[in-house]
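I have placed the structure first, in the form of structure tokens, so that the comments after it can refer back to it.
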2 protein chains.
Amino acid sequence: MKKQTTIYDIARKAKTSTATVSRVLSNSNYPVSNELKERIKEVAKELNYIPNMIGRQLKTNNSMTIGVIIPSITNPFYSSIVLGIEDIARSRGYHVLLCNSHRSSELEEEYLKTLFEKQVRGLIVSSISSNKELVEALVQKGLNVVAFDQTIEGLESSQIQFDFRKGGFLATEHLIEKGHRKIAFISSPLTRPSRLSIYEGYQQALEKYEIEVEREWIQIASREEEISERNYEFKNGIDLTKKLLQCSDLPTAIFVCNDMTAFGVMNELANQGIKVPQQMSVIGFDNIEFSQMMTPPLTTIQQPDYEMGRMACNLLLDQLDGEETKQVDIILQPKVVERQSTKVLDKVFLFK
Amino acid sequence: MKKQTTIYDIARKAKTSTATVSRVLSNSNYPVSNELKERIKEVAKELNYIPNMIGRQLKTNNSMTIGVIIPSITNPFYSSIVLGIEDIARSRGYHVLLCNSHRSSELEEEYLKTLFEKQVRGLIVSSISSNKELVEALVQKGLNVVAFDQTIEGLESSQIQFDFRKGGFLATEHLIEKGHRKIAFISSPLTRPSRLSIYEGYQQALEKYEIEVEREWIQIASREEEISERNYEFKNGIDLTKKLLQCSDLPTAIFVCNDMTAFGVMNELANQGIKVPQQMSVIGFDNIEFSQMMTPPLTTIQQPDYEMGRMACNLLLDQLDGEETKQVDIILQPKVVERQSTKVLDKVFLFK
DNA sequence: CTGTTAGCGCATTCAA
DNA sequence: TTGAATGCGCTAACAG
């Protein structure tokens, strides 16, 4: 990188001081005569001046940058959230430093630290780590944090939660209302609170309607795949469905913990010649953009990704701009988006 | 943000100088006695010291950060590329500042400037803008750039190109080899060189095999939707297919300029009860992860997204680390990934 | 081996 | 209205 032009160069050429140049070029409202103002701007343009924000940051201790940590950037659910965050950040003059934890606690901690070192003014995070010491330490040091997706219990910061338990309940109830009683559950490992809640919702619905379910119908992946496994969830859906289909007594409906996994489920069902929804109903969770693009379009639980991103960012920037650290705690409500992957149970199944 | 502990605080408490503290904590290999080294580390831990990279940056003029500009973060093609970039960047100790131009030239220019202001050491960009003045100016100022996807003609920097024309040719030829002669083309606006090349490839294949095609079979969207239109391409596919299906003489196969649009095409075909591939063959372009998840899985042209990201990043960092600005120009080759959305034309169609 | 000092680019206090 | 001077946190040249 060559030596860049600085305000000093401009000051010299415009025969004035760096102070005045700074005042003009940083749009300060400090009074400067119009004549001088013009001259400085002219010289700046002439020299192709582009300010060095590092200098400004060091002085003002205000980076106008926020950090975002998510588990997976290739999962459309998260990329939609990031889009929401970014849209708001941009409109309010902030920039986003995006980090992809790859579902790894170690990477998450590393990023957490780096973001702080880079002096981000705030942080939006879907934490994967059960160890919250570091986040808490940073909050203690004055970092503003908004947690979403995976909420961090006891953290002194704003949170955007989602009622996963109710979502799990609604999904299961939707199937029950369609006449299903043999309802399978396919899920990634229950290592995250969100997934555990979904599972609880499923169980609660079964209980409420006094339905008993075969052990084998509950297929939960045992290991969490970390780092660079790209379509991990899709593959997971395929594998778990294979296992499920080995049961002697098959379910008539499957509730899947998220849409990406549900795509794997549908894929394997198609492979084995099982028609959705005629022979098997499938309901997902998240309502990512792609769920409407599937054939058949996937019935699922709506989690407003883009809006969550916007909300999280607005919350954070309100805190940053307002100086006051009032904690807000929001719980978003789920709803069923019925499409064509679920249907009323055929009588032939009912009396089987 | 409260006042953070600095090396000065540590120096005072450890009864030494900031220079020595800096030497120890920045892992310099400058000799410091073990005893003092230990003491400093201890005090640093005690005070929960986290270095301020802004200070270091201002001094060393080395941010260890690279910028990335892509048109859409929610398009899996780009998010896979970003994943590839990020994986390499991380492994080589760099960080990524990601910007989403929303297919807007203005936003792109704004980001370009901001990234430079933030002192990124290099830039990986899929440029949407036809005005390359700003990029060129920045390159002139010493910014290292690697362009991909949309190549920037005449730019003094490395490029990772893709043979879009050949890809378009191969896709069309694939359909021709399956016996198709009535081959439609559906595309987003041909405003980008990449898409124009795909279209040329399509035309060349038709010419080579002496095939004439109805005007109406070539459906190209007229306006490029910018900013925050999330599933723009999907919708586009739906709209253009609707138009196409109004033709009196229908094609037997459709070549779509990218997978996302192809999803819209397949969706609308399903809606109108037209079976893929029995009644209509569809081939896409890109081979994003989701194309394998569709029913039927989409036949498409492979563009190695993740690997392109890795390659671009390695190229850039080689330049940065090596000091030498040797320009590399790579043209990646396309290949057909045959899945189940295309099939040999039925005789019933042949003799119709 | 250790400490003193200068300065990276900028904004801001203070004095004029 | 302008300019000189200071310092943000850190590293590096230099001196000891």
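All values reported here derive from a predicted model rather than from experimental measurement.
- Mapping B:N34 and A:T18 onto DNA chain C by nearest heavy atom places B:N34 at the nucleotide closer to the 5' end.
- Remark: the A:Y30 side chain and the D:dT2 base include a donor-acceptor N/O pair separated by less than 3.5 Å.
- Side-chain proximity of A:S22 to D:dT1, C:dA11, D:dT11: nearest is C:dA11.
- A close approach under 4.0 Å does not occur between any side-chain nitrogen or oxygen of A:Y8 and OP1 or OP2 of D:dG3.
- Put simply, CD1 on A:I40 is 14 Å from C1' on C:dA11, counting in whole angstrom units.
- Here the side chain of B:K59 is nearest to one of C:dC10, D:dA12, C:dC1, namely D:dA12.
- Between the C1' atom of D:dT2 and the CG atom of A:N29 lies a distance of 16 Å, rounded to the nearest Å.
- Rounded to an integer number of Å, the gap from NZ of B:K37 to C1' of C:dT2 is 13 Å.
- A straight line from NZ of A:K3 to P of C:dC8 spans 7 Å, rounded to a whole angstrom.
- Closest contact between the side chain of B:T20 and the listed nucleotides D:dG3, C:dG3, D:dT1 involves C:dG3.
- Nucleotide D:dG9 holds its C1' atom 9 Å from the CG atom of B:L58, rounded to whole Å.
- Set against D:dT11, C:dT2, C:dC10, the side chain of B:S26 has D:dT11 as its closest nucleotide.
- Closest of all the heavy-atom pairs between A:R39 and A:A14 is NH2-O, 2.8 Å.
- A close approach under 4.0 Å does not occur between any side-chain nitrogen or oxygen of B:T6 and OP1 or OP2 of D:dG9.
- Across all strands, B:L36 comes closer than 4.0 Å only to sugar-phosphate atoms, never to a base (heavy-atom distances).
- Contacts of B:I7 with the nucleic acid, taken as non-hydrogen atoms under 4.0 Å apart, include base atoms.
- The side chain of A:N52 has C:dC10 as its nearest neighbour among D:dG3, C:dC10, D:dC10.
- Taken from OG in B:S157 to CD in B:Q327, the straight-line distance is 6.5 Å, to the nearest 0.5 Å.
- The phosphate of D:dG3 has OP1 or OP2 within less than 4.0 Å of a side-chain N or O from A:T16.
- Listed nucleotides: D:dC10, C:dT2, C:dA11. Nearest to the side chain of B:V32: C:dT2.
- Here the straight-line distance linking atom CG of B:D149 with atom CZ of B:F162 works out to 10.0 Å at 0.5 Å rounding.
- Summarising the geometry, the separation between OH on A:Y49 and C1' on C:dC10 is reported as 7 Å, rounded to the nearest angstrom.
- B:I124 contributes atom CD1, which lies 4.0 Å from atom CD1 of B:I85 (distance to the nearest 0.5 angstrom).
- Proximity note for B:S33 (side chain, C-beta onward) versus C:dT4, C:dT12, C:dC1: the nearest is C:dC1.
- Residue B:D9 contributes atom CG, which lies 9 Å from atom P of D:dG9 at whole-angstrom precision.
- Rounded to whole Å, the distance from CD1 on A:I54 to P on D:dG9 is 15 Å.
- Residues B:K13 and B:E46 are paired through a salt bridge, judged by an N-O separation under 4.0 Å between the basic side chain and the carboxylate.
- Residue A:R56 places no side-chain atom within donor-acceptor reach of the base of C:dT12, judged by atom type and a 3.5 Å distance cut-off alone.
- Residue B:K15 places no side-chain N or O under 4.0 Å from the OP1 or OP2 atom of C:dT2.
- In this structure, CD on B:E86 lies 7.0 Å from CG on B:L83, to the nearest 0.5 angstrom.
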